[in-house]
Each structure stands twice: as C-alpha cells, then as structure tokens.
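Residue numbers run from 1 in the order of the sequence given. Hydrogens, waters and symmetry mates are skipped; everything else that's a heavy atom, side chains included, is used.
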Amino acid sequence: MSTEFQETEVPEADSRETTEGRVYTVSGGDWEDLIEDSRHDERMVINMGPQHPSTHGVLRLVLEMEGETVTQLRSVIGYLHTGIEKNCEYRTWTQGVTFVTRMDYLAPLSTELSYCLGVEKLLGIQAPRRAELLRVMLLEINRIGSHLVYIATGGMELGATTAMTLGFREREEVLHLLEHLTGLRMNHAFIRPGGLAQDMPADYHEAVSAFVKTMDERLPLYDKLFTGQPIWRNRLKGVGYLPVDACLALGVTGPVLRSAGLPWDLRKTEPYSRYDEFEFDIPTSTDADCWARYLIRVEEMHQSLRIIKQCLKKLEPGPVMVEDKKVAWPAQLSIGSDGMGNSLEHVRKIMGQSMESLIHHFKLVTEGFKVPPGQTYTAVESPRGELGVHLVSDGGTRPLRVHVREPSFVNLQSMPAMAEGGLVADVIAAIASIDPVMGGVDR
C-alpha cells in the first residue's frame, strides 16, 4: 500500500532585502481570514481592544456579531510579553524574586510567596514563625488592594466613574502602607527564600492598625454606592453566567469558581504559611454571574481585614530569616541616609569582620546558594485564584526551569463561554468579573 501526500502551497510572507539581511513582513492572517469568512452574510467582525477602559488591560478580543449579539469570541493575547520565566533561568534563586514579582503587578506578593515556598521546599527549610505570619499579613493587605482595583477599573469600564475615583483612593491607602512596610509600592521583592528581606519598621503595628480602622470605616460605602444601586445591579445580574461544571472543565479558580458555589480556597483546602491558624470565612454563591463575583470580592476584603487583625495579635519578636548563613541574605540591612544602598555603619560592620565572612557575603550575593536537584509545585490563593509555581533544579545556583500556573491566563479561557450568545455591552462586564491581569497572562 502506498500513501500519496498532496502538497499544499503555503503563501510566503512578503520580504525585502536590507543591509541587515532579508526582512519579512507578516500580515494579520487571523484578521484577514475572519473578514473573508464573514463577507457574504449578516455577520459583522469587530476588534475590541487592546486598551484599558474596555478589555480590562491590553487584551484584544475579536468578536463575531449578529446585530448586538455576540456569536463568537476569540481572545488574542501577547501584547505584554516579557519572558519572565525564561529570564529566571539566567539569575540566582534569590534574584528570581525580582522577576516573578512583576508578573501579576496587582498582587506581586502572592507570586513572591509561591516562588519562595517552592525554593524553600527544594532546600528543605521553613521560614521562621514571625516571617510566615508577616507574609500572611502582607498578602492580605495586597489582596484588599487588588480587589479595590477590580471595583475601580470594572466600574470605569461600565461607566461608573465614581467607582474609579473611590477604588483608587482606597488603593492609595494600601500602597502607602506597603511602601512603609516593604520600601516599595509595587514589585516589592520583599519575600525572599528563607524569610523576608528585613523586619518590619518599628511603628508597623500602629500603621497597620490605622489602615484596618480606615478600611473598616470606608468599605460600607461600597455597599451604599454599588450593592444597593439598581443600575449597578442590573448591569451585573445574570451576566457572564458560568456554572460550576464549566468552571471545573476549564480549570477556573478563585472568586469566579466560588461564585458558582464551590468553596475552593487554597488558604482553607490546602493551607500554607500558617493559614490554618486563622479564623475566616470563604464567601460563596450559586448565582454564577458577575453580580455574585462582585459580592464575593467585597466580602473577601472584610475577611482579609479579619485575618490582618489576627496577625497583629499573633506576632511576637523573633527572626524573619532562617539561621542558615549559607542561604540567608542579610536580613538586617540598614539603608543609607539617601535611601539608596547600605548605610555606612552596615558596610563598616561587614568590612570589620573577618576576611572569610566578607568573601562569603560577596559570593552569596553574586553567585547565590546551591539548591539540591529536584522539582516542586507550590500553589497559593492569589486574588484571582490558584497561582502555582513549578520549579526544577539541577543542583546549581540558578533554576533549570521556572513555570508559573497563572490564574488570569487559565481563567481567560472562560471568556467565550461567558460572552457568546450575550450582548456586546455584557462582554465588558464579563471580562471585568474575571479580573485578569495581563502581566500575568503574558509574563
């Protein structure tokens, strides 16, 4: 028997010769094909995005429509691609934190924790109790900030500009506090393998308590302005429906899954970083629509405040970095008077010690520590769902492979299921209810 293969001509991209060699011009094939397909019927193909007050970030949606009804939706991603996972392979294990923190830039501390838990698992170490409790506190402050951006940007996309001004006003409180505690408003690189970069400032207890008091006073305002507002409710109720079986089939996690009735939250189901010591509730709903997701996120902010209050009660003096000097970057670094670099006293202390300790400090910072061979997957509950980091080590000072299971990327798969058959105006509400962060999608 003989099988004949029929060759099909593949059109080549246009090219031109330059001083640098041949340069190809690749046309938007997907767009041209869609236009050609829809030329002879009543369908209309429109391009939505990529821009913020529409597609919740640099996400492009190609919509096929009949009148106002969406018949087909395709997500186009990649406009924010940074190659973070590959970059991590060319840096030490500690330097990897400064890369992964830039993925989900609205919840950078969640990615930092997941990555560091993986490194610690490979090393066979555990961060001190104080460091673990402080990690929980920072993550919950960050969760509140992330959910506030969801309300602010989601409201703006639906025409509620008051939501934007209020949401970002409260988020400033979060960012001011995080800057006071970690030194940076975003992309903190504060959670490190073995613990934290340094301890909290002396007045952290007063600063966090004041923040909790402020948020306790301001959160009820969102119920007055939005929850009880008929226009807001009508724009979200019954829109973006995604039942629990569809969530499970698509791997959707986070508030979208919990809005369908499944109380799956890794802080409860697979506790990490001492979350099992805290009392808090997992809000759920069975409505499985945009309205339920909004209510769940508002309630999650209240629950985060509960956890933060418990953290302040549980915290006791102690180290924030493991004792092993072969792993621990100095966690007692004091910053110079200009806010940059180490203070003269700290440099004098390092230089004044033995030559061996100076060499060890230099090698630890420049070369990094070795991690035993192996691979691990560690997951945390980010504001968007299960954020997992798969690490592979070959025994060297750099990761062999880093891959992140980013919830925004996985959750975006649900867009066609939510939007097809609905109105074009409801597409925007559906995207906002997923709350994707494109830095995490494209990474």
Practice prompt. Mark yes or no for whether S433, through its side chain, and A430, through its backbone, hold a donor-acceptor pair below 3.5 Å.
Written response: yes

Worksheet item: Mind checking what makes side chain to side chain donor-acceptor pair (under 3.5 Å) contact with T182, not counting sequence neighbours?
Response: H188

Fill in: Within-4.5 Å side-chain heavy-atom neighbours: R60 and V62
yes

Worksheet item: Can you list the residues that meet the side chain to side chain donor-acceptor pair (under 3.5 Å) rule with E217, with sequence neighbours excluded?
Response: K213

Discussion item. Nearest 0.5 Å, please: how far is CZ in F278 from CD1 in I307?
Written reply: 7.0 Å

Item to complete: Over all heavy atoms of both residues, which pair between L242 and S414 is shortest? Give the atoms and the distance, please.
Response: CD2-CB, 3.6 Å

Discussion item. When you compare the side chain of L61 with that of V76, does any pair of heavy atoms fall below 4.5 Å?
Written reply: no

Discussion item. Does this structure show an ion pair linking R185 with E172, if we count only N-O contacts that are shorter than 4.0 Å?
Written reply: yes

Discussion item. For the backbone of D442 and the side chain of Y79, can you confirm whether one donor and one acceptor N or O come within less than 3.5 Å of each other?
Written reply: no

Discussion item. Pair I282, Q303 - check side-chain contact (heavy atoms from CB on, under 4.5 Å), show working.
Written reply: CA-CA 8 Å; I282 306 299; Q303 296 302 323; over 6 Å; no

Worksheet item: Does I151 reach the side chain of V298, with side-chain heavy atoms less than 4.5 Å apart?
Response: yes

Item to complete: Taking all non-hydrogen atoms of both residues into account, name the closest pair between V402 and E85 and its distance.
Response: O-CB, 3.3 Å

Item to complete: Starting from the C-alpha separation in whole Å, work towards a yes-or-no answer on side-chain contact (heavy atoms from CB on, under 4.5 Å) for R306 and D281.
Response: CA-CA 10 Å; R306 269 182 75 188; D281 300 321; 3.2 Å; yes

Discussion item. Determine whether a donor-acceptor pair (N or O, by modelled atom type, separation under 3.5 Å) exists between the side chain of D289 and the backbone of A292.
Written reply: yes

Worksheet entry | Spacing of L262 atom CG and C247 atom SG [to the nearest 0.5 Å] | 8.5 Å

Worksheet item: For Q413, which residues count as a side chain to side chain donor-acceptor pair (under 3.5 Å) partner, sequence neighbours excluded?
Response: none

Practice prompt. With the side chain counted from C-beta on, respond yes when V322 and P128 share a heavy-atom pair under 4.5 Å apart, and no when they do not.
Written response: yes

Fill in: Those residues that, when tested against E157, pass side chain to side chain donor-acceptor pair (under 3.5 Å) (two or more places apart)
H56

Fill in: Partner of S382 by side chain to side chain contact (heavy atoms under 4.5 Å, CB included), out of L109, L266, L387
L387

Item to complete: Take V252 and I434, measure what side-chain contact (heavy atoms from CB on, under 4.5 Å) needs, and give me the verdict at the end.
Response: CA-CA 10 Å; V252 172; I434 297 174; over 6 Å; no

Worksheet item: Roughly how far, to the nearest 0.5 Å, is the OH atom of Y105 from the CG atom of L80?
Response: 5.5 Å

Practice prompt. Going by the side chain to side chain contact (heavy atoms under 4.5 Å, CB included) test, name the single residue among L59, V410, I77, N411 that passes it with V441.
Written response: I77

Practice prompt. Calculate, to the nearest 0.5 Å, the distance between atoms NZ and CG belonging to K314 and L133 respectively.
Written response: 7.5 Å

Item to complete: Just jot down the ring-ring contact (aromatic ring centres under 6.0 Å, His included) partners of Y294, sequence neighbours excluded, or say none.
Response: W232, W291

Worksheet item: Applying salt bridge (Lys or Arg N to Asp or Glu O under 4.0 Å), which residue pairs with at least one partner in residues 394-419 are found, sequence neighbours left out?
Response: E89-R401

Worksheet entry | Under the ring-ring contact (aromatic ring centres under 6.0 Å, His included) test, residues paired with Y241 that sit two or more places apart | none

Discussion item. Is any side-chain heavy atom of L391 closer than 4.5 Å to one of V371?
Written reply: no

Item to complete: For N187 and T98, indicate whether the former's side chain and the latter's backbone hold a donor-acceptor pair under 3.5 Å.
Response: no

Fill in: Counterpart residues, ring-ring contact (aromatic ring centres under 6.0 Å, His included), relative to F409 (two or more places apart)
none

Worksheet item: With a cut-off of under 6.0 Å to the ring centre and 45° to the axis, is K268 in cation-pi contact with F280?
Response: yes

Fill in: Side-chain (S408) to main-chain (V437) donor-acceptor, under 3.5 angstrom
yes

Worksheet, complete the sentence: Between A163 and G155 the two heavy atoms that sit nearest each other are CB-CA, 3.8 Å

Response to the item:
Heavy-atom closest pair (A260 atom, A288 atom, distance to 0.1 Å) is CA-CB, 3.9 Å

Practice prompt. Kindly compute the distance separating CZ (R293) from CG (L257), expressed to the nearest 0.5 Å.
Written response: 10.5 Å

Discussion item. Please give me the minimum heavy-atom distance between T153 and F168, naming the atom from each residue.
Written reply: CG2-CZ, 4.2 Å

Worksheet item: Considering only heavy atoms from C-beta outward, does the side chain of M200 approach that of V320 to under 4.5 Å?
Response: no

Practice prompt. Kindly state each residue pair satisfying salt bridge (Lys or Arg N to Asp or Glu O under 4.0 Å) with at least one member in residues 102-127, sequence neighbours excluded.
Written response: D104-R384, E120-R135

Worksheet item: What is the minimum heavy-atom distance between Y115 and P399, and which atoms define it?
Response: OH-CG, 4.2 Å

Item to complete: Can you sort out the partners of M215 under side chain to side chain contact (heavy atoms under 4.5 Å, CB included), two or more places apart, ordered by chain and number?
Response: I144, L148, E170, F211, L219, L305

Worksheet item: How far does CE of M418 sit from CG of L412, to the nearest 0.5 angstrom?
Response: 9.5 Å

Fill in: Set of residues satisfying side chain to side chain contact (heavy atoms under 4.5 Å, CB included) with respect to D203, sequence neighbours excluded
H180, P201, E206

Worksheet item: Under 3.5 Å, is there a donor-acceptor pair between the side chain of N142 and the main chain of L138?
Response: no

Worksheet item: Is there a donor-acceptor contact under 3.5 Å from the side chain of T101 to the main chain of V97?
Response: no

Worksheet entry | Derivation and outcome, side-chain contact (heavy atoms from CB on, under 4.5 Å), residues Y275 and L139 | CA-CA 11 Å; Y275 265 110; L139 255 69; 4.0 Å; yes

Worksheet, complete the sentence: Test salt bridge (Lys or Arg N to Asp or Glu O under 4.0 Å), reference R267, set E381, E386, E277, E140, output is E140

Practice prompt. Please list all pairs passing the salt bridge (Lys or Arg N to Asp or Glu O under 4.0 Å) test where one or both residues lie in residues 294-304, with sequence neighbours left out.
Written response: R258-E300

Discussion item. Run R129 and E132 through salt bridge (Lys or Arg N to Asp or Glu O under 4.0 Å) and show every step you take.
Written reply: CA-CA 5 Å; R129 176 179 170 79; E132 291 200 311; over 6 Å; no

Worksheet entry | T378 side chain reached by Y272 side chain, heavy atoms, under 4.5 Å | no

Practice prompt. Could you tell me whether the side chain of M48 reaches within less than 4.5 Å of the side chain of L73, counting heavy atoms only?
Written response: no

